[in-house]
Amino acid sequence: MAPKVQQTKAAKAAAALAGGKKGKKKWNKGKVKDKAQHVVILDQEKYDRILKDVPTYKFVSVSVLVDRLKIGGSIARVALRQLEADGIITPILTHSKQAVYTKAE
């Protein structure tokens, strides 16, 4: 077997640079969900809309109010309690974590 020819330092450096030009792998572009801009202080316009729209919903919960009316969760919970006290909606399920209501018949 013939002896291996020794490369020069410049040749070794060129060989090292030639390999691995791709760089680090990019896993994803990082899709970011838009932050919701929900109302946290109830004004008269939102209050009137709650009184007008909610009695027409067949299924009413905190998440439904947050999604449809663009209000915060704490406002939605207070609004549901108030609507129940006024007799506008009737409870189906009341739990410490989730409350489900329907329109009053």
Side-chain angles (χ1 to χ4, degrees):
M1 192 166 170
K4 196 169 186 182
V5 178
Q6 187 71 28
Q7 288 182 335
T8 64
K9 281 189 177 182
K12 285 182 184 178
L17 286 175
K21 283 196 174 188
K22 190 169 185 182
K24 274 191 161 181
K25 181 178 192 270
K26 299 277 191 274
W27 288 99
N28 62 3
K29 297 291 183 205
K31 296 181 182 93
V32 178
K33 186 178 177 186
D34 292 334
K35 183 143 174 63
Q37 296 293 321
H38 293 318
V39 175
V40 292
I41 298 175
L42 195 61
D43 56 351
Q44 189 63 41
E45 178 188 335
K46 284 284 185 191
Y47 181 71
D48 293 339
R49 188 160 171 226
I50 288 171
L51 290 178
K52 182 177 140 261
D53 291 349
V54 172
T56 64
Y57 298 161
K58 184 175 181 179
F59 176 85
V60 185
S61 69
V62 173
S63 54
V64 169
L65 294 185
V66 168
D67 187 47
R68 293 187 188 174
L69 301 176
K70 303 292 185 243
I71 60 176
S74 59
I75 291 179
R77 283 191 297 275
V78 172
L80 286 177
R81 277 188 240 121
Q82 183 64 40
L83 291 171
E84 182 187 358
D86 293 345
I88 297 172
I89 57 176
T90 58
I92 297 171
L93 170 89
T94 52
H95 189 267
S96 62
K97 304 296 180 205
Q98 182 75 29
V100 179
Y101 299 89
T102 188
K103 57 186 173 184
E105 296 298 325

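Not measured: the values here are computed from a predicted model.
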- Sub-4.5 Å side-chain heavy-atom contact between Leu80 and Leu65: yes
- Message: Do Leu42 and Val78 make a side-chain contact, defined as non-hydrogen atoms from C-beta onward lying under 4.5 Å apart?
- Response: no
- Under 3.5 Å: donor-acceptor pair, side chain of Thr102, backbone of Lys58: yes
- Are Leu51 and Ile71 grouped together when hydrophobic residues (ILVMFWY) are joined by side-chain heavy atoms under 4.5 angstrom apart? yes
- Query: Nearest heavy-atom pair of Thr90 and Lys103: which atoms, and what distance?
  - Reply: OG1-O, 4.0 Å
- Item | Co-membership, hydrophobic cluster, residues Leu93 and Ile89, 4.5 Å side-chain | yes
- Query: Does Arg49 reach the side chain of Glu45, with side-chain heavy atoms less than 4.5 Å apart?
  - Reply: no
- Taking all non-hydrogen atoms of both residues into account, name the closest pair between Lys12 and Gln7 and its distance. CG-OE1, 3.6 Å
- Query: Which heavy atom of Pro91 sits nearest a heavy atom of Glu84, and at what distance?
  - Reply: CG-OE2, 3.4 Å
- Gly87 and Ala104: which non-hydrogen atoms are nearest, and at how many Å? O-CB, 3.4 Å
- Item | Shortest non-hydrogen separation from Gln98 to Ser61 and the atoms involved | NE2-CB, 3.5 Å
- Task: Check whether more than 12 heavy atoms from other residues, nucleotides or ligands sit under 6.0 Å from atom CD1 of Ile41, and answer yes or no.
- Result: no
- Just how far is it from atom OG1 of Thr94 to atom CZ of Arg81, taken to the nearest 0.5 Å? 11.5 Å
- In terms of hydrophobic clustering (I, L, V, M, F, W, Y; side-chain heavy atoms under 4.5 Å; direct or indirect links), are Ile88 and Phe59 co-clustered? yes
- Stepwise, does the side chain to side chain contact (heavy atoms under 4.5 Å, CB included) test hold for Leu83 with Val60? CA-CA 11 Å; Leu83 291 171; Val60 185; 5.9 Å; no
- Gap between atom CZ of Arg68 and atom OG of Ser63 - 0.5 Å precision: 9.5 Å
- Transitively linked via ILVMFWY side-chain contacts under 4.5 Å: Tyr47 with Tyr101? yes
